[in-house]
Structure formats: C-alpha cells, structure tokens
Amino acid sequence: MEPLIAANWKMHKTAAETAAFCADFRPEKAFFEGVEVLICPPFTALGAAKTALAGSPVKLGAQNMHWEKQGAYTGEISAAMLREQGIEYVIIGHSERRHLMGETDEQICRKVNAALENKLNPILCVGETECEREQGVAEEIIENQIYRAYKGLEPDKTGSLVIAYEPVWAIGTGKAALPEDADKAATHIRNCVREMLGSKAANGLRIQYGGSVKADNIGSFVELPSIQGALVGGASLEAESFKALVQAARKAVAN
Ligand code: PGA
C-alpha cells in the first residue's frame, strides 16, 4: 500500500498564497513515485489549488464537510460542493474540530457516512489527550472514537479507509509520539477495524501518524509496517519543507 502523505493547512493560506505554494511544489513526476501526496487547503483556496495542480499527481482534500446534501446550514459545505472542486479526500473529526468547535462523535459518524456515499475518502482523525494518556485510557478512547465514527458502515461499502492517529498532545507541540507508541496505537486501531468491519477493511486500511511530523522524523513512522502515511500540519506550509518531508518518506519506504 502506498503511504499517504497529507498536508493539513488548517486556517492558513489565501487563494493567492495557495497558488504560489503550488507553483513551487510541482516537482517532477518521479518525485512522487511510491507515495501518494495530498494537500488539504482551506475551502476558499480549493479552486486555486485545483487550477495550479492540474496535471500533477498531487491530490486535493478538504478539512471538513457537512453530512447533508443541501439546506439551511449557514456556513457549511456539502460533499457535492467539494467533489466539484476535484476533491478526493476529506479530513473528518480532527481534534481541533472536536475540541475547539465541539464536534461530536455522532456528527463525525454522519460525516463519515456521507463522505463514503458521495465517493469521498474520509480521513478519520482519532487520538487521546495528554490527560487521557496519563490516566492510561488512551486505547479505550481511540477504540470508542472508531466504533462511534464507523457505526452503520457496511463492510463491503467502505472503499479505502484512512485513519489518522493523532495524539492531541503531539499536535503543533514539537513533541511527536515515540514510533513504538505510534506502532502500538496503529496496531490497536487496525484490530478495532478488523473486529468491526472484517479483515478486508482492516487489511485495506491506511493508518497515518500525525502530530509534529517533520522531514527528520517521518521516516521513523512510515518505515513501520503498521503505518502507511502521515498527516502533517506545520511542516507542510512551506513548499521546500514539505518537499523534504515527502522525499524523506519515500526514502524510508524504499528501504
Ligand atoms: P502538526 O499538526 O503537524 O502541526 O503537529 C498535525 C495535525 O494537526 O494534523
């Protein structure tokens, strides 16, 4: 399975800044051999990214979506609106949405189901807070997040699932998880998916690690057989640093 290296830009970059990034981030096709690269800009920059990346293997994703097709939901964006912009992936349940915007497991479940119905690949984010980790309940928290998010999915209609394991204490802190801890969490995640949706879904699942990923530590995550990619915030904002990170990931998986 090709690792999925995804840039989560959060609330960074205007459309003009996105076009400038993409102009710098257009390496030779060979640069992407062995990895799938995804950029998730803010909604308002998706059109600019689509135009600037036309013909490049870099894929486009969104950072959120609403589960309804349309309606009186001021400020929300539907799956069809995203698909029109050439989106293939959508990040769902990022910890910033859970903790800062009060997104619930039930809403996340609706979004995952709606994304799959609309042929978008959901990147489900799960992960424990520092306090939950200290209390020794990290595995239980992750397990609950997965069971609640994937509730109602039919095993043979899941497409290719992606889960990003993002310990909340590692996001934007410069303090990445230890690879052995990420490995343990990823193994647990795959077992949960196996139990819930069967072997086919579990074997096809890509698990990303996210939280303070940089060019100099990505290799230690993607070289693990349990992990197939990374969700990257800060280190994806500059074209040069994201290029270095993608290169480091390729080198690690090639070995
Ligand atoms: P970070 O963010 O790489 O800046 O830690 C990761 C994320 O929030 O997805």
Side-chain angles (χ1 to χ4, degrees), residues 3-13 17-18 21 25 35-43 45-46 49 58-65 87-103 108 111-112 115 121-130 132-133 138 141-142 145-146 149 161-179 181-182 185-186 189 206-222 224 227-249 252:
L4 176 64
I5 312 297
N8 172 15
W9 283 356
K10 311 188 180 188
M11 200 172 73
H12 291 283
K13 295 195 192 296
E17 288 163 349
T18 298
F21 175 101
F25 192 76
V35 288
E36 192 177 342
V37 177
L38 172 70
I39 292 180
C40 305
F43 293 135
L46 286 171
V58 178
K59 299 193 172 153
L60 264 186
Q63 302 173 19
N64 183 29
M65 60 170 261
I87 301 309
E88 292 181 49
Y89 290 87
V90 56
I91 298 172
I92 292 181
H94 189 277
S95 77
E96 284 148 19
R97 297 212 55 84
R98 291 179 191 262
H99 298 290
L100 303 176
M101 311 294 165
E103 203 163 286
I108 290 166
K111 291 180 184 192
V112 166
N121 297 312
I123 299 178
L124 171 68
C125 299
V126 300
E128 80 285 358
T129 62
E130 181 135 53
E132 288 159 348
R133 175 179 152 90
I141 294 290
I142 293 168
Q145 287 171 337
I146 295 172
L161 294 173
V162 183
I163 293 183
Y165 168 58
E166 298 209 301
V168 179
W169 47 269
I171 296 176
T173 58
K175 198 175 86 182
L178 294 173
D181 289 341
I189 288 169
R206 279 188 291 183
I207 300 176
Q208 298 178 308
Y209 167 73
S212 298
V213 174
K214 310 253 175 326
D216 59 9
N217 66 10
I218 191 165
S220 60
F221 295 105
V222 295
L224 297 168
I227 292 179
Q228 297 77 36
L231 185 55
V232 187
S236 71
L237 289 170
E238 300 296 333
E240 285 313 313
S241 105
F242 194 47
K243 266 190 219 170
L245 193 146
V246 172
Q247 277 303 65

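In what follows, residues are counted from 1 in the order of the sequence shown. We count ligands from 1, going down the list as the structure has it; atoms in each ligand are counted the same way.
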Q. Which of the numbered atoms in ligand 1 are below 4.0 angstrom from a heavy atom of N8?
A. 9 (O)
Q | From E166, Q63, E103, residue fulfilling side chain to side chain donor-acceptor pair (under 3.5 Å) relative to H94 | A | E166
Q) Which of the numbered atoms in ligand 1 are below 4.0 angstrom from a heavy atom of G172? A) 1 (P), 4 (O), 5 (O)
Q. Is the closest N or O pair between I171 and ligand 1 shorter than 3.5 Å?
A. no
Q. Any idea which atoms of ligand 1 are less than 4.0 Å away from a heavy-atom of G211?
A. 5 (O)
Q) Would you say ligand 1 has an N or O under 3.5 Å from any N or O of T173? A) no
Q. So, for A149 and I108, which heavy atoms are closest and what is the spacing to 0.1 Å?
A. CB-CG2, 3.9 Å
Q: Search all heavy atoms of L46 against all heavy atoms of L60 and return the closest pair with its distance.
A: O-CD1, 3.8 Å
Q | H94: numbered ligand 1 atoms lying under 4.0 Å from its heavy atoms | A | 7 (C), 8 (O), 9 (O)
(Q) As a test of understanding, state which of I141, I207, I142 forms a side chain to side chain contact (heavy atoms under 4.5 Å, CB included) with V126. (A) I142
Q: Please confirm whether the backbone N or O of L237 pairs with a side-chain atom of K13, one donor and one acceptor, at under 3.5 Å?
A: yes
Q) When you measure from atom 4 (O) of ligand 1 to every protein heavy atom, which one gives the shortest distance, and what is it? A) G234 N, 2.9 Å
Q.
I'd like to know if S212 contacts ligand 1, where contact means a heavy-atom distance under 4.0 Å to any ligand atom.
A. yes
Q) Under 3.5 Å, is there a donor-acceptor pair between the side chain of Q208 and the main chain of V162? A) no
Q: Please confirm whether G210 comes under 4.0 Å of ligand 1, counting heavy atoms of the residue only.
A: no
Q: Tell me which one of K10, E166, Q63 gets a heavy atom nearest to atom 8 (O) of ligand 1.
A: K10
Q) Which of parallel (below 30°), tilted (30 to 60°) and perpendicular (above 60°) describes W9 and F21? A) perpendicular
Q. Between Y89 (side chain) and I91 (backbone), is there a donor-acceptor pair under 3.5 Å?
A. no
Q. Identify the closest protein heavy atom to atom 3 (O) of ligand 1: which residue and atom is it, and at what distance?
A. G233 N, 2.8 Å
